[in-house]
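Working notes, structure below.
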Number of protein chains: 2
Amino acid sequence: MSIVDDRLPRYQRLRDLIAADIAAQRWAPGQTIPSEAELASIHGVAVGTVRHAIDVLVGEGLVTRVHGRGTFVRRPAFDQSLLRCLRIPELEPGAKPVLISRILERASLKASPEVAERLELPVGTDCIRLVRQKLVERRVLRGEEIWLPKARFAPLLTVELASIGHDLYPAFERLCGQLVATAEESLTAEAIGAEHATLAGVATGQPVVVIDRLTRGYDRQPLEWRRVRAPASAFHFRREIR
Amino acid sequence: MSIVDDRLPRYQRLRDLIAADIAAQRWAPGQTIPSEAELASIHGVAVGTVRHAIDVLVGEGLVTRVHGRGTFVRRPAFDQSLLRCLRIPELEPGAKPVLISRILERASLKASPEVAERLELPVGTDCIRLVRQKLVERRVLRGEEIWLPKARFAPLLTVELASIGHDLYPAFERLCGQLVATAEESLTAEAIGAEHATLAGVATGQPVVVIDRLTRGYDRQPLEWRRVRAPASAFHFRREIR
DNA sequence: AAGTGGTCTAGACCACCCC
DNA sequence: GGGTGGTCTAGACCACTTT
């Protein structure tokens, strides 16, 4: 599958080898990879070279080092998602807001051209469509339309809705054995149309942000395409430029 | 000014020393810093330690290495700005769209509480306010309100408007000797009010994105606060999560 | 050819974590 | 105490750029 190029420097080839092992789930997320000394002796290189390779992996976000404990396969940082830029209304100061999910629709459908393109599947492939709301204390935080390839996620169709729970990715893992590795997100804004207004919990014509997310597994294949709409007033994104 | 903490590892202290020199404009942006061997002998450390320090600076975006040529003080990457997420309408396929700036207002004003907070100045400090439009072929791309501390930017008040040109940051440098080092940006969306609609080139009530930008100099002091409004339909931002 | 950054080694010692 | 990652050294050799 993944070819290691001999012309690359050793630390790069070593990086590729370790990354391939992570992709193959040789070590599960949250588990340690072999120690630096071990990797050095396994691959017949100096520890400094192993460190360099792991430096690269750390920079790419694939692993994390913990001093004295080891180097861990990292779960993707979904706390950096644009979805986390939706301000959650504080009801009582200090009180933890409770986020609830409500699945409004669940169906097996053929992939439309748009869905097929996003999920990188042939048009007409069997898919699962979920329509969902995220709520905070009965108020709609956002509305979501979610598309999944049926081949990987069939259990989601038959399982009781309640057993899916409020977080989707743990359910992907628990019920379907699908691990999320990376995601690509895009952000636009629009005046919401009548067909989506109720789902997003706003009046027709109000400004909303539209967040598109394509999630990929460790095999780089698309797992999930999601389109989220939320009131623009709740959205606030910051970043630094250097 | 900047205190170097003895308890830090050498490569960190070295990083701080080099960063301080960059901040003090000892080496101008675009110029090289001393070679790694030179820095090693100057500071009495091994080359490996110098490399580590520079690795950190590269990661922070302060310098760039060029193999065989040297290590250069970098200009900030404003091509990553959210402003670059505003789609420019293609008029003729292949034709390069020409971006034009039009300064509509230029005045000396006292800092309001909001402006003062952003620019980290006392309320009432003398400031310069610019109101500007960016246009593509007579069509408004975005509208901007810009606030600058008068103490640093006084020449902008008296100079001919035409001599400011279409790009502000080169003018800051050329006319006022102010170099931009970093920026913090934030993004929200709203239905535009009547007071800003004309400037942004859209009808009242239409959805717009609002981009706030605070620019800082190498001394970390705020140089410019800018609030930009642009039609939401033109905005598209992408990112990857790992 | 000289100077720069890039790779790599082999080893020392330190700081942290867990048993 | 034994294992882990973190720092640091001194040096070799390579690859690239400029003179």
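All chains are named by letter (A, B, ...) in the order of the sequence lines, taking the proteins before the strands, and each is independently numbered beginning at 1.
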Sugar-phosphate only, base, or nothing, as touched by R51(A) at under 4.0 Å among non-hydrogen atoms: base
Interface limits on DNA chain D, where chain A has a heavy atom under 4.0 Å of a nucleotide atom: dG3(D) to dT7(D)
Parallel, tilted or perpendicular: rings of H52(B) and Y11(B) (30°, 60°): parallel
Interface residues of residues 63-72 of chain B with DNA chain D (non-hydrogen, below 4.0 angstrom): H67(B), G68(B), R69(B)
Flag for E145(B)-W147(B): side-chain donor and acceptor within less than 3.5 Å: yes
Modelled atom types, side-chain donor and acceptor of E185(A) and S81(A), under 3.5 Å: yes
Salt-bridge criterion met for E60(A) and R74(A) (N-O under 4.0 Å): no
A37(B) vs T49(A), nearer the 5' end of DNA chain C by closest nucleotide: A37(B)
Test: R102(B) and E144(B) ion pair at under 4.0 Å: no
Length of the CD1-P vector between I54(B) and dG5(C), whole Å: 7 Å
Partners meeting ring pair (Phe, Tyr, Trp, His ring centres under 6.0 Å) with F172(B) (sequence neighbours left out): F153(B), Y169(B)
Shortest non-hydrogen separation from I164(B) to A171(B) and the atoms involved: O-CB, 3.5 Å
Positive for salt bridge (charged side-chain N to carboxylate O under 4.0 Å, His left out) with E184(B), one of R213(B), R216(B), R118(B), R226(B): R216(B)
